[in-house]
Enquirer: 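Quick one: the structure is below, questions incoming.
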Amino acid sequence: MTRLAQTAGLNDIQREILSTVRDFVDKEIIPVATQLEHRDEYPTEIVAGLKELGLFGLMIPEEYGGLGESLLTYALCVEEIARGWMSVSGIINTHFIVAYMLKQHGTQEQKDTFLPRMALGEVRGAFSMSEPALGSDVSAISSKGVKEGDEYVLNGQKMWLTNGGTSTLVAVLARSDEGHPEGTAPHKSMTTFLVEKEPGFGEVRPGLTIPGKIDKMGYKGVDTTELIMDDLRIPANRVLGGTTGRGFYQMMDGVEVGRVNVAARGCGVAQRAFELGVSYAQQRHTFGKPIAQHQAIQFKLAEMATKVEAAHAMMVNAARKKDSGERNDLEAGMAKYLASEYCKEVVEDAFRIHGGYGFSKEYEIERLYREAPMLLIGEGTAEIQKMIIGRRLLEEYRFQG
């Protein structure tokens, strides 16, 4: 795809990075993605290739061995990777949320310890907020960390951990009542704990169990897991930032990066769906001519392309806003909401263009049709995004009576 979703104002380095990633996607991801997805197989060779390209250090500052690139560069790379296979973009997303949280909120010792190894891909990040009975209500978190001497003892069950098995560092949000008396607002008594572990499943360190992969409708290949803490002991110096009670704000800052990422994934999947739809429409013939020459199909293609372009523009705007240092929860919420909804619609239109063949596992669109729904709920549902957007609009447009 060369015409849609172009980004103005990129420098030479950004264009070179994107060109390299696009070539990698076309040669190394797209040819094998559907086969690996059907087997629910972790893309080991693809991840090794991303590591070799330096993408695990893309947003990590140069002083820690990373490339020091912007959120915009990262989002555009994610868009390209998701165009090839959305699961691969998920593997690097949670890694970068943890790296970003460390960069923004970590102590100097925590940055020095983790960021250089994260830049090389030697330490792989995952982050954990959700719990089995939690849904979107983060304030209802029940996992707890209790201080005992120079350690914290963590207990609780977490859910929907992307990279749960393959990660070696997990940022875990839990309650910490130390210094926060009863009656303290829930979001002020939460702490982010940096939990180191071995990769794999089962008991990955004393007191920490990763039960196994959750079997999903789509978004396969990447390992999505639970995390169970049973008297898990971690040193007090593994409280992110060194101070308890700041976890909610740290996580929300990271989630804003994650929402831009999910918007970028939606853009990438939608682009691929459009590519498949417009290509198939020119190959399939009905009533003596390619179906692309039928007005009904042209109208559908026009709507699909417009949605791809609009979602991309909003995603770019949200990334640039965050890069500027300004608050971007409104822009990130809008971008995530629009891109995920448009992605679903563009994928479904491409599915319809394929007719009965879209229902066959031999065609790539079948995989995209199962992947798109995850974007509707990942990093906050559409309803949560609309709550964020509505509240921010009321702040900006406060009635002066």
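Basis for what follows: all heavy atoms, side chains included, without hydrogens, waters or symmetry-related copies.
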Enquirer: Check the angle between the aromatic planes of Phe351 and Tyr369 and answer parallel, tilted or perpendicular using the 30° and 60° thresholds.
Expert: parallel
Enquirer: Are side-chain heavy atoms of Arg238 and Thr113 found at a separation under 4.5 Å?
Expert: yes
Enquirer: Taking all atoms of both residues into account, what is the closest heavy-atom pair of Asn93 and Glu379, and its distance?
Expert: ND2-OE2, 3.3 Å
Enquirer: Hey, mind stepping through Ser279 and Gln283 against side chain to side chain donor-acceptor pair (under 3.5 Å) and telling me if it holds?
Expert: CA-CA 7 Å; Ser279 175; Gln283 298 173 51; 2.8 Å; yes
Enquirer: Can you name the nearest heavy-atom pair linking Gly106 to Leu240, along with the distance?
Expert: CA-CD1, 3.7 Å
Enquirer: Quick check: do Tyr357 and Glu362 have side-chain heavy atoms less than 4.5 Å from each other?
Expert: no
Enquirer: Between Phe274 and Leu301, is a side chain to side chain contact (heavy atoms under 4.5 Å, CB included) present by the stated rule, with each step listed?
Expert: CA-CA 8 Å; Phe274 176 79; Leu301 293 172; 4.2 Å; yes
Enquirer: Just how far is it from atom OG of Ser70 to atom CE of Met59, taken to the nearest 0.5 Å?
Expert: 7.5 Å
Enquirer: Any chance CD of Glu395 has more than 12 other-residue heavy atoms, nucleotides or ligands included, within less than 6.0 Å?
Expert: yes
Enquirer: Identify the heavy atoms of Cys343 and Leu375 that sit nearest to each other, and give their distance.
Expert: SG-CD1, 3.8 Å
Enquirer: Does any N or O in the side chain of Glu131 come within less than 3.5 Å of the main-chain N or O of Ser143, such that one atom is a donor and the other an acceptor?
Expert: yes
Enquirer: Are the side chain of Gln385 and the backbone N or O of Ala335 linked by a donor-acceptor pair below 3.5 Å?
Expert: no
Enquirer: Between Lys322 and Glu256, does any NZ, NE, NH1 or NH2 come within less than 4.0 Å of an OD or OE carboxylate oxygen?
Expert: yes
Enquirer: Just wondering, are more than 12 heavy atoms of other shown residues or ligands nearer than 6.0 Å to CZ in Phe359?
Expert: no
Enquirer: Side-chain contact test, heavy atoms from C-beta onward, threshold under 4.5 Å: evaluate it for Arg246 versus Thr192 and give yes or no.
Expert: no
Enquirer: Assign the ring pair Tyr363 / Tyr280 to parallel, tilted or perpendicular, where the plane angle (0 to 90°) is split at 30° and 60°.
Expert: perpendicular
Enquirer: Looking at Asp323 and Arg320, does any basic side-chain N land under 4.0 Å from a carboxylate oxygen?
Expert: no
Enquirer: Could you go through Val239 and Thr243, starting from their C-alpha distance and side-chain angles, then the distance that decides it, and tell me whether this counts as side chain to side chain contact (heavy atoms under 4.5 Å, CB included)?
Expert: CA-CA 7 Å; Val239 168; Thr243 305; 5.8 Å; no
Enquirer: Taking Val308's backbone N and O only, do any of them form a donor-acceptor pair with Gln271's side chain (distance below 3.5 Å, no angle check)?
Expert: no
Enquirer: Once you round to the nearest 0.5 Å, how far does OG of Ser189 lie from NZ of Lys144?
Expert: 9.0 Å
Enquirer: Above 12 or not: heavy atoms from other molecules or residues under 6.0 Å from CD of Glu198?
Expert: no
Enquirer: Strictly below 4.0 Å, N to O, side chains only: are Glu303 and Lys300 in salt-bridge contact?
Expert: no
Enquirer: Would you sort out whether Lys220 and Arg370 count as a side chain to side chain contact (heavy atoms under 4.5 Å, CB included), showing the intermediate values?
Expert: CA-CA 10 Å; Lys220 293 179 179 289; Arg370 289 183 289 103; 4.2 Å; yes
Enquirer: When you measure from the side chain of Glu80 to the backbone of Leu76, do you find a donor-acceptor pair of N or O atoms at a distance under 3.5 Å?
Expert: no
Enquirer: So, Arg233 and Glu148, do they make that salt bridge, N to O below 4.0 Å?
Expert: yes
Enquirer: Is there a side chain to side chain donor-acceptor pair (under 3.5 Å) between Ser87 and Glu37? Walk through the geometry before answering.
Expert: CA-CA 9 Å; Ser87 293; Glu37 197 271 348; over 6 Å; no
Enquirer: Side chains of Ser167 and His95: do they bring a donor and an acceptor to under 3.5 Å?
Expert: no
Enquirer: Output yes when a side-chain donor or acceptor of Lys336 lies under 3.5 Å from a complementary backbone atom of Val260, and no otherwise.
Expert: no
Enquirer: In Å, rounded to the nearest 0.5 Å, how long is the span from CE of Met251 to OG of Ser128?
Expert: 7.0 Å
Enquirer: Out of curiosity, Met252 CE to Gln250 CD, how far, rounded to the nearest 0.5 Å?
Expert: 11.0 Å
Enquirer: Please report the closest heavy-atom contact between Ala174 and Phe193, naming both atoms and the distance.
Expert: CB-CE1, 4.0 Å
Enquirer: Are more than 12 heavy atoms, taken from residues, nucleotides or ligands other than Arg205, located less than 6.0 Å from that residue's CZ atom?
Expert: yes
Enquirer: May I ask you to test the Met304-Ile353 pair for a side-chain heavy-atom distance under 4.5 Å?
Expert: yes
Enquirer: Please check: side-chain N/O of Lys158 versus main-chain N/O of Leu173, any donor-acceptor pairing under 3.5 Å?
Expert: yes
Enquirer: Would you say CD of Glu16 has more than 12 non-hydrogen atoms from neighbouring residues, nucleotides or ligands within 6.0 angstrom?
Expert: no
Enquirer: Measure from the side-chain N and O atoms of Asp40 to the backbone N and O of Gly221, and report whether any donor-acceptor pair falls under 3.5 Å.
Expert: yes
Enquirer: In Å, rounded to the nearest 0.5 Å, how long is the span from CE of Met190 to OG1 of Thr244?
Expert: 13.0 Å
Enquirer: Atom CD1 in Ile210, atom CG in Leu227: separation rounded to 0.5 Å?
Expert: 4.0 Å
Enquirer: Please check: side-chain N/O of Glu309 versus main-chain N/O of Ala5, any donor-acceptor pairing under 3.5 Å?
Expert: yes
Enquirer: Above 12 or not: heavy atoms from other molecules or residues under 6.0 Å from CD1 of Ile214?
Expert: yes
Enquirer: Considering only heavy atoms from C-beta outward, does the side chain of Met374 approach that of Thr224 to under 4.5 Å?
Expert: no
Enquirer: Output a table of donor-acceptor pairs, distance under 3.5 Å, between side-chain atoms of residues 42-55 and any protein atom two or more places apart or on a different chain; print 'none' if there are none.
Expert:
{"residue": "Tyr42", "atom": "OH", "partner": "Arg124", "partner atom": "NH2", "Å": "2.5"}

Enquirer: Taking all heavy atoms of Arg265 and all of Ser89, pick out the closest pair and write down the distance.
Expert: CD-OG, 2.9 Å
Enquirer: Let me see the working for Phe24 and Ile81 under side chain to side chain contact (heavy atoms under 4.5 Å, CB included), right down to the final yes or no.
Expert: CA-CA 9 Å; Phe24 181 83; Ile81 292 168; over 6 Å; no
Enquirer: Can you confirm whether more than 12 heavy atoms, excluding those of Asn11, are under 6.0 Å from its CG atom?
Expert: yes
Enquirer: Return yes when atom CZ of Arg398 has more than 12 non-hydrogen atoms of other residues, nucleotides or ligands closer than 6.0 Å, and no otherwise.
Expert: no
Enquirer: Find out whether Val255 and Ile97 are in side-chain contact, i.e. whether some heavy atom of one side chain is under 4.5 Å from a heavy atom of the other.
Expert: no
Enquirer: Mind listing the closest non-hydrogen atom pair of Glu69 and Thr73 along with its distance?
Expert: OE1-OG1, 2.7 Å
Enquirer: Mind checking whether Phe248 and Ile141 have side chains closer than 4.5 Å, heavy atoms only?
Expert: no
Enquirer: Closer than 3.5 angstrom, by distance alone: can the side chain of Lys361 be matched with the main-chain N or O of Thr34 as a donor-acceptor pair?
Expert: no
Enquirer: Are the charged groups of Arg83 and Glu79 less than 4.0 angstrom apart, N to O?
Expert: no
Enquirer: Is any side-chain heavy atom of Tyr64 closer than 4.5 Å to a side-chain heavy atom of Leu120?
Expert: no
Enquirer: Does Lys213 offer a backbone N or O that forms a donor-acceptor pair with the side chain of Asp223 under 3.5 Å?
Expert: no
Enquirer: Using a strict 4.0 Å threshold on nitrogen-to-oxygen distance, state whether Arg272 and Glu371 make a salt bridge.
Expert: no
